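In what follows, chains carry the letters A, B, and so on, assigned in the order in which the sequence lines appear, proteins first and then strands, with residues in each chain numbered from 1. Just so it is clear, the structure is predicted and the values come from calculations on it, not from any experiment.
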Protein chains: 2
Amino acid sequence: MTLRETFAANLRRYRKAVGLSQEELALRAQIDRTYVSSLERCQYAATLDVIEKLAAELGVDPVELLATPDIDKLST
Amino acid sequence: MTLRETFAANLRRYRKAVGLSQEELALRAQIDRTYVSSLERCQYAATLDVIEKLAAELGVDPVELLATPDIDKLST
DNA sequence: GTGTGACTAATAGTCCGTT
DNA sequence: CAACGGACTATTAGTCACA
């Protein structure tokens with residue numbers, strides 16, 4: 001599991017947890033709609049700047065988006 | 001404090017903790033010496049790929065390089 | 001051993017539309 | 001609503017000479 005894969009999975013997981021579409025999240029974070037899609041499909045290695053933006057809109061610490069999810073905490 | 005600033009500071013801090021010069025770290029991570037210098041001076045928003053490389057050479061979890069340092073833990 | 005400017009190559013990131 | 005493509009621009013990745 002690479003870091004960008006971990007990030008991709010977490011991004012999708014947190015986005016859904018918050019109940020946002022890729023489109024809405026992108027709009028709020030002021031990044032491109034198709035780019036969020038690309039990130040979740042692990043196409044790019046995101047920079048710290050966009051990670052920071054996305055984390056802010058998801059209401060989580062950027063670190064959470066890179067951490068290996070604790071099995072116990074996963075709800076749905 | 002932006003995320004890239006946090007990363008820059010942590011990179012330098014952990015590098016010194018491990019007792020490596022920018023030169024040595026760069027050599028081991030197979031990246032350029034001056035590029036490590038640039039990152040520590042916060043010139044770029046690093047991508048997940050290089051963060052992963054550097055963390056590996058420093059022997060820390062990538063998450064550690066992005067976390068806000070716990071005041072209590074700072075030794076020197 | 002580190003900081004800096006200049007430079008090229010690669011990729012991050014945008015914007016268009018289609019499936 | 002999301003995956004995917006192509007063409008495009010902005011920024012990072014990576015190297016070098018020199019202070």
Side-chain angles (χ1 to χ4, degrees), chain A residues 1-60 62-67 69 74-76, chain B residues 1-60 62-67 69 74-76:
Chain A
M1 189 76 147
T2 63
L3 191 54
R4 59 206 273 185
E5 285 169 342
T6 302
F7 171 71
N10 284 338
L11 175 58
R12 176 160 293 180
R13 193 161 57 79
Y14 278 106
R15 176 177 63 76
K16 291 192 172 175
V18 174
L20 290 175
S21 65
Q22 294 178 346
E23 220 163 7
E24 290 170 325
L25 175 57
L27 188 69
R28 297 188 190 192
Q30 307 199 69
I31 63 187
D32 196 74
R33 167 182 72 80
T34 65
Y35 191 57
V36 172
S37 172
S38 299
L39 287 178
E40 289 191 356
R41 281 175 294 117
C42 208
Q43 260 188 238
Y44 299 108
T47 61
L48 292 180
D49 287 356
V50 324
I51 293 171
E52 187 167 37
K53 279 190 201 171
L54 289 168
E57 291 307 322
L58 292 174
V60 300
V63 163
E64 290 301 312
L65 293 179
L66 298 176
L74 265 50
S75 41
T76 308
Chain B
M1 190 79 146
T2 63
L3 192 56
R4 60 205 274 184
E5 286 170 341
T6 302
F7 169 72
N10 284 340
L11 176 58
R12 177 160 291 179
R13 193 161 57 79
Y14 278 106
R15 177 176 61 77
K16 291 191 170 175
V18 175
L20 290 175
S21 65
Q22 292 179 349
E23 219 163 6
E24 290 170 325
L25 174 59
L27 188 69
R28 297 187 189 191
Q30 308 200 67
I31 63 186
D32 196 75
R33 169 186 77 75
T34 64
Y35 189 58
V36 172
S37 172
S38 298
L39 288 177
E40 288 191 357
R41 281 175 296 115
C42 207
Q43 256 187 241
Y44 301 110
T47 61
L48 292 180
D49 288 355
V50 323
I51 293 170
E52 189 167 34
K53 275 193 206 170
L54 290 169
E57 291 306 324
L58 291 174
V60 299
V63 163
E64 290 301 312
L65 293 179
L66 298 176
L74 266 51
S75 40
T76 306

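Nucleic acid contact class of T34(B) (heavy atoms, under 4.0 Å, all strands): base.
In this structure, T47(B) and S38(B) both approach DNA chain C, and ranking their closest nucleotides by distance from the 5' end singles out S38(B).
Atom pair E23(B):CD and dG3(C):C1' shows a separation of 13 Å (rounding to whole Å applied). Atoms CG (L20(A)) and C1' (dA2(D)) sit 15 Å apart, rounded to a whole Å. Atom CG of D49(B) and atom C1' of dG13(C) are 15 Å apart (whole Å). Atom CD1 of I51(A) is separated from atom C1' of dA12(C) by 12 Å (rounded to the nearest Å). The separation between L54(B) atom CG and dG14(D) atom P is 10 Å, rounded to whole Å. The interatomic distance linking Y44(B) (OH) with dA6(C) (C1') rounds to 10 Å, in whole Å. Counting to the nearest Å, the C1' atom of dG14(D) and the NZ atom of K53(B) are 9 Å from each other. Going from atom CD of Q43(A) over to atom P of dA10(C) covers 19 Å, rounded to whole Å.
The phosphate of dG14(D) has neither OP1 nor OP2 within less than 4.0 Å of any side-chain N or O from Q30(B). Side-chain nitrogen and oxygen atoms of R15(A) include at least one within less than 4.0 Å of the OP1 or OP2 phosphate oxygen of dA2(D). Taking only side-chain nitrogens and oxygens, R12(B) comes nearer than 4.0 Å to OP1 or OP2 of dG3(C).
A salt bridge links E40(A) with R12(A); the closest basic N to acidic carboxylate O contact falls under 4.0 Å.
Of all nucleotides listed (dT14(C), dA12(C), dT2(C)), dT14(C) comes nearest to the side chain of D32(A). Closest approach to the S37(B) side chain among dT14(C), dT2(C), dA2(D) is made by dT2(C) (side chain taken as heavy atoms from C-beta onward).
For the pair L3(A)/L66(A), a side-chain contact is recorded, criterion being any heavy-atom separation below 4.5 Å from C-beta on. Using a 4.5 Å heavy-atom threshold, the side chains of L48(B) and T2(A) count as separate. Using a 4.5 Å cut-off on side-chain heavy atoms (C-beta onward), R15(A) and E24(A) make no contact.
Counting distance only, with no hydrogens placed and no angle test, the side-chain atoms of R41(A) and the base atoms of dG5(D) include no donor-acceptor pair under 3.5 Å. Judged by atom type and distance alone, R33(A) does not reach the base of dG13(C) through any side-chain donor-acceptor pair under 3.5 Å.
Interatomic distance, CG of N10(A) versus CD of E5(A), reported as 12.0 Å (0.5 Å rounding).
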